[in-house]
Amino acid sequence: MEELKLLNIQNQPQLVDELLTIQQAGDFIKLTVPTIYSLVSRNNIPFSKKGKRLYFSKSDLSNWIKEGRNKTVSELGKEAHSYLKKS
């Protein structure tokens, strides 16, 4: 029984966020390195800088991509209906 508990703990996802280099970030979000540099220079992408090196949090990049998600027609309709109800 003790072994099963240890096994379950080991299979849980890590809580520590993974830091990526610019090349790894590009591979992760399927963008070229020059495109990422452009996004960084316009502060359009979450990043950290230590010295001359750029680092990217894998979870921050995932959230950044999700924030850019377009709403469905159904979701927009619900928002419009909710707004009109309040007015």
Side-chain angles (χ1 to χ4, degrees):
M1 193 62 109
E2 197 70 32
E3 292 174 14
L4 288 176
K5 289 180 183 176
L6 290 175
L7 186 61
N8 287 338
I9 290 171
Q10 291 173 350
N11 288 336
Q12 291 179 354
Q14 293 181 352
L15 297 177
V16 177
D17 190 19
E18 187 177 349
L19 288 179
L20 306 174
T21 63
I22 194 162
Q23 182 64 49
Q24 292 169 325
D27 293 342
F28 178 64
I29 59 175
K30 309 291 190 253
L31 293 175
T32 64
V33 170
T35 300
I36 295 177
Y37 275 121
S38 176
L39 292 169
V40 165
S41 71
R42 291 180 279 154
N43 285 323
N44 286 347
I45 191 169
F47 69 95
S48 298
K49 188 172 182 180
K50 186 72 174 175
K52 292 185 178 184
R53 297 199 178 254
L54 295 173
Y55 297 97
F56 302 85
S57 160
K58 199 170 190 177
S59 64
D60 285 349
L61 290 176
S62 290
N63 291 334
W64 176 72
I65 291 169
K66 290 174 187 174
E67 287 173 1
R69 177 184 165 276
N70 290 330
K71 295 180 181 178
T72 64
V73 172
S74 174
E75 290 171 329
L76 290 171
K78 286 178 185 176
E79 283 184 9
H81 182 71
S82 175
Y83 176 79
L84 292 173
K85 266 185 158 179
K86 291 179 183 177
S87 295

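- Legend: residues meeting salt bridge (Lys or Arg N to Asp or Glu O under 4.0 Å) with K50, ordered by chain and number and at least two apart, are absent.
- Taking the side-chain hydrogen bond (donor to acceptor under 3.5 Å, both in side chains) definition, one finds that D27 meets it with Q23, sequence neighbours left out.
- Sorted by first and then second residue, the salt bridge (charged side-chain N to carboxylate O under 4.0 Å, His left out) pairs involving residues 76-87 (not counting sequence neighbours) are K71-E79.
- Residue L31 is found in a hydrophobic cluster whose other members, listed by chain and number, are L20, I22, F28, I29, V33, I36, Y37, L39, V40, I45, F47, L54, F56, L61, W64, I65; membership requires side-chain heavy atoms under 4.5 Å apart, directly or through intermediates.
- Listed by first then second residue, pairs satisfying side chain to side chain donor-acceptor pair (under 3.5 Å) with a partner in residues 39-49 read S38-R42, not counting sequence neighbours.
- Note on residues 56-67: pairs passing salt bridge (charged side-chain N to carboxylate O under 4.0 Å, His left out), not counting sequence neighbours, are E18-K58.
- Side chains of T72 and S74: a donor-acceptor N/O pair is absent below 3.5 angstrom, by distance only.
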